[in-house]
Amino acid sequence: AQKQALLAELDAQLVTAKLGGRVDQQRALDAEVAALEEAVRQAAWRLAQKSPVAPADALVFDTLYDPGEQVPANAPVVVLLPPRGRKALFYVPQPQLASLQIGSPVRLRYDGGELMATVSYISPQAEYTPPVIFSRETRAKLVFRVEARPDPAQAGRLPPGLPLEVVRP
């Protein structure tokens, strides 16, 4: 009888072994896999938050904090100047202002090269007003601020802060 019972037990174990994975065990393992995948996504997100990347290629124009200083949360640390943000600022005497319009081409010459740019802004106000009443003789002392933007593909060649000579082509 004992041997019959042992045989029945072994047969039952064999049938159970051939059944394959149980549904509840498979669900538990699937949930564990999903939890581990989510943990990996969260770790990748945390790493990305701690390793910021500039939104575009740009020149570091200014640093706002020195090493060791406390930086507040979400505060900028550097000021970036992308090539498309570069522009030439120059002043045009009042008598020559009439010959210049937005969209006019200008040639920017600087030490080491030159490039073409397009006038993108002309100030509606004079930057310098003489301390005397306006007259024909003093009108020539008025200058107006003008901005010209080079082609974005070439703007990276324009060094910030460099003195320029601006001429009409």
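Cluster membership check: Tyr110 does not share its hydrophobic cluster with Leu81, using side-chain heavy-atom separations under 4.5 Å among Ile, Leu, Val, Met, Phe, Trp and Tyr. Hydrophobic clustering (side-chain heavy atoms under 4.5 Å, transitive across Ile, Leu, Val, Met, Phe, Trp, Tyr) keeps Phe90 apart from Tyr121.
Taking Arg46 as the reference, nothing meets the side-chain hydrogen bond (donor to acceptor under 3.5 Å, both in side chains) condition, with sequence neighbours excluded. Annotation: side-chain contact (heavy atoms from CB on, under 4.5 Å) contacts of Glu38 (sequence neighbours excluded): Arg41, Gln42.
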Which pairs of donor and acceptor atoms, one on a side chain in residues 1-12, lie under 3.5 Å apart (sequence neighbours left out)?
{"from": "Glu9", "atom 1": "OE2", "to": "Gln13", "atom 2": "NE2", "distance (Å)": "3.4"}

Would you mind writing out the side-chain donor-acceptor pairs for residues 55-73 within the sub-3.5 Å range, not counting sequence neighbours?
{"from": "Glu69", "atom 1": "OE1", "to": "Asp66", "atom 2": "N", "distance (Å)": "2.4"}

Show which side-chain atoms of residues 147-169 pair as donor or acceptor with protein atoms under 3.5 Å away, not counting sequence neighbours.
{"from": "Glu147", "atom 1": "OE1", "to": "Lys87", "atom 2": "NZ", "distance (Å)": "3.3"}
{"from": "Glu147", "atom 1": "OE2", "to": "Arg145", "atom 2": "NH2", "distance (Å)": "3.1"}
{"from": "Arg157", "atom 1": "NH2", "to": "Glu114", "atom 2": "O", "distance (Å)": "2.7"}
{"from": "Arg168", "atom 1": "NH1", "to": "Ser99", "atom 2": "O", "distance (Å)": "2.7"}

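The residue from Val119, Val106, Leu89, Ile102 that alone fulfils the side chain to side chain contact (heavy atoms under 4.5 Å, CB included) condition with Val146 is Val119.
The two residues Val143 and Pro93 come nearest to each other via the heavy atoms CG1-CA, 4.0 Å.
How far CZ of Arg86 is from CG of Leu115: 10.5 Å, rounded to the nearest 0.5 Å.
Through direct or relayed side-chain contacts under 4.5 Å between Ile, Leu, Val, Met, Phe, Trp and Tyr, Leu29 connects to no other residue.
Atom CD of Gln49 has more than 12 heavy atoms from other residues, nucleotides or ligands within 6.0 Å.
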